[in-house]
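The structure under discussion appears below in the form of structure tokens.
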Protein chains: 2
Amino acid sequence: METEAAVSFLEKQGIKPSYPRLRIYLYLHERKNHPSVDMIFTDLSPEIPTLSKTTVYNTLNLLMEKGIVQALTIEEKENRYDIDTSVHTHFKCESCGEITDIPGEYTNIELNLPAGFLPRERQLYVYGTCPGCS
Amino acid sequence: METEAAVSFLEKQGIKPSYPRLRIYLYLHERKNHPSVDMIFTDLSPEIPTLSKTTVYNTLNLLMEKGIVQALTIEEKENRYDIDTSVHTHFKCESCGEITDIPGEYTNIELNLPAGFLPRERQLYVYGTCPGCS
DNA sequence: GTATCTGCAAAACATTTGCAATTCT
DNA sequence: AGAATTGCAAATGTTTTGCAGATAC
């Protein structure tokens, strides 16, 4: 995604596209890894020397409020963030630690909840070994 | 579950059934809520005045190593613990906060992972409103 | 009496908050 | 100038670790 498109997307969502916000948004979009706050900070810090973790937190919380990003609780210790908010499964490799998107067509979930349970959202996390490690 | 049965179960799993361990195990077994460390500590503390959170953590980590308990990452801030390690779904009510077990027969998951992905375990978390709150 | 277990205090992290300085318009 | 944004430092909350004292066999 080019900078121009990102700027106008953020503006359309009511987010002022400051430089740190723009770079964090582009980072999520380009890597499509499922980064922790620390990964984003560590990767962008060399290129944006004044960047602070607080701004990374602020930006992610803002993107979440706007529904642009979702938080994953696939790790026990830290949150991960995903710019893909469509319905899909996450696979965490217990060997290399990598989190991979599994497209919706690989998983079919039939939810027939007992009466009165109204689902709004769901997350399927699968833990195991990825192709590179098996 | 009676104390006797719990004692012999723990011994069979190679866990010395000390008083705190026994009480924590019985707590998980009787309530079948999906408690945080703090919930266990707060609930048992009045009856076991010398109990410490460290011991709650130690005991839960021990039970997890032995495969008797599983950690749930359904909450963003804290781990929850479940003594039911069978395949089932967890429903978190966003209104009252309660986490409910949804038995396996209410959910059918067909996992057809891309080649090379070897699943070991999976967790399905559903977020919404429970019968009492809807 | 030796191993293990417990629990306090401190440390290690992740995340949030208060606030002053900076930036943008 | 005025409003929003950034980033430092401190606070908060969860979990782990080190270690001394207590407990169990």
Side-chain angles (χ1 to χ4, degrees), chain A residues 6-7 10-11 13-27 34-66 68-82 97 99, chain B residues 3 6-8 10-11 13-27 34-66 68-82 97 99:
Chain A
V7 165
L10 291 175
E11 278 172 348
Q13 303 289 325
I15 295 175
K16 197 182 291 185
S18 72
Y19 187 63
R21 287 172 176 176
L22 182 61
R23 292 298 305 270
I24 290 166
Y25 176 76
L26 284 170
Y27 177 95
H34 302 77
S36 63
V37 164
D38 198 66
M39 287 163 71
I40 298 173
F41 176 76
T42 302
D43 289 344
L44 289 182
S45 220
E47 296 174 46
I48 315 174
T50 64
L51 185 66
S52 73
K53 270 192 191 175
T54 303
T55 296
V56 179
Y57 278 107
N58 287 342
T59 300
L60 289 171
N61 287 336
L62 181 61
L63 292 172
M64 282 199 293
E65 279 165 32
K66 301 287 185 178
I68 298 167
V69 155
Q70 66 176 345
L72 306 181
T73 59
I74 196 168
E75 292 272 8
E76 276 186 30
K77 353 222 155 201
E78 63 193 1
N79 284 359
R80 298 302 197 97
Y81 298 89
D82 192 354
I99 296 171
Chain B
T3 303
V7 166
S8 62
L10 291 175
E11 279 172 347
Q13 303 288 324
I15 295 175
K16 198 183 290 185
S18 71
Y19 187 63
R21 286 172 177 176
L22 182 62
R23 292 297 306 270
I24 291 166
Y25 176 77
L26 284 169
Y27 177 95
H34 302 78
S36 63
V37 164
D38 198 65
M39 288 163 71
I40 298 173
F41 176 75
T42 301
D43 289 344
L44 289 182
S45 222
E47 296 174 46
I48 316 175
T50 63
L51 185 67
S52 73
K53 271 192 190 173
T54 303
T55 296
V56 179
Y57 278 106
N58 286 343
T59 300
L60 288 170
N61 287 337
L62 181 62
L63 291 172
M64 282 200 292
E65 279 165 30
K66 301 288 186 178
I68 298 167
V69 155
Q70 65 176 347
L72 306 181
T73 58
I74 196 168
E75 292 273 6
E76 275 187 31
K77 355 226 152 198
E78 64 192 359
N79 283 359
R80 297 303 197 95
Y81 298 90
D82 191 354
I99 297 171

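To find a chain, count down the sequence lines: A is the first, B the second, and so on, and within it residues start at 1. All figures in this text were calculated on a predicted structure; none of them were measured in a lab. Values below: all heavy atoms of this structure, side chains included; hydrogens, waters and symmetry mates excluded.
- Across all strands shown, nothing is found opposite dA3(C) as a Watson-Crick or G-U wobble partner with both distances under 3.5 Å.
- Looking at residues two or more places apart in sequence or on another chain, you find a side chain to side chain donor-acceptor pair (under 3.5 Å) between Lys53(A) and Asp38(A).
- Rounded to an integer number of Å, the gap from Ile40(A) CD1 to dA14(C) P is 13 Å.
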Grab the N/O contacts between the protein and nucleotides 15-25 of chain C below 3.5 Å, and write none if there aren't any.
from: dT15(C); atom 1: OP1; to: Asn79(A); atom 2: N; distance (Å): 3.0
from: dT15(C); atom 1: OP2; to: Tyr57(A); atom 2: OH; distance (Å): 2.9
from: dT15(C); atom 1: O5'; to: Tyr57(A); atom 2: OH; distance (Å): 3.3
from: dT16(C); atom 1: OP2; to: Asn61(A); atom 2: ND2; distance (Å): 3.4

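- Phosphate contact (OP1/OP2 of dC8(C), side-chain N/O of Ser52(B), threshold under 4.0 Å): absent.
- In this entry the base of dA3(C) is syn relative to its sugar, with a glycosidic angle within 90° of 0.
- Distance check: Leu72(B) CG to Ile99(B) CD1 gives 6.5 Å after rounding to the nearest 0.5 Å.
- Here Glu78(A) pairs with Ser36(A), Glu75(A), Arg80(A) under the side-chain contact (heavy atoms from CB on, under 4.5 Å) rule; sequence neighbours left out.
- With rounding to the nearest 0.5 Å, the separation of CG in Asn79(A) from OG1 in Thr73(A) is 7.5 Å.
- Applying the salt bridge (Lys or Arg N to Asp or Glu O under 4.0 Å) test to every pair with at least one member in residues 54-63 of chain B, sequence neighbours left out, gives no pairs at all.
- Applying the side chain to side chain donor-acceptor pair (under 3.5 Å) criterion to Gln70(A), with sequence neighbours excluded, gives Gln123(A).
- Under the Watson-Crick or G-U wobble criterion, with both distances below 3.5 Å, dT23(D) is left unpaired in every strand shown.
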Residues 14-25 of chain B side chain polar contacts: donor-acceptor under 3.5 Å, at least two apart:
from: Ser18(B); atom 1: OG; to: Arg21(B); atom 2: N; distance (Å): 3.4
from: Tyr19(B); atom 1: OH; to: Arg23(B); atom 2: NH1; distance (Å): 2.8
from: Arg21(B); atom 1: NH1; to: Lys16(B); atom 2: O; distance (Å): 3.1
from: Arg23(B); atom 1: NH2; to: Glu47(B); atom 2: OE1; distance (Å): 2.7

Counting only pairs under 3.5 Å, give me each side-chain donor-acceptor contact of residues 56-66 of chain A, with atom names and distances, residues two or more places apart or in other chains.
from: Asn58(A); atom 1: ND2; to: Thr54(A); atom 2: O; distance (Å): 3.4
from: Thr59(A); atom 1: OG1; to: Thr55(A); atom 2: O; distance (Å): 2.8
from: Asn61(A); atom 1: ND2; to: Tyr57(A); atom 2: O; distance (Å): 3.4

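- Read 5' to 3', the first and last nucleotides of DNA chain D with an atom closer than 4.0 Å to a heavy atom of chain A are dA4(D) to dA9(D).
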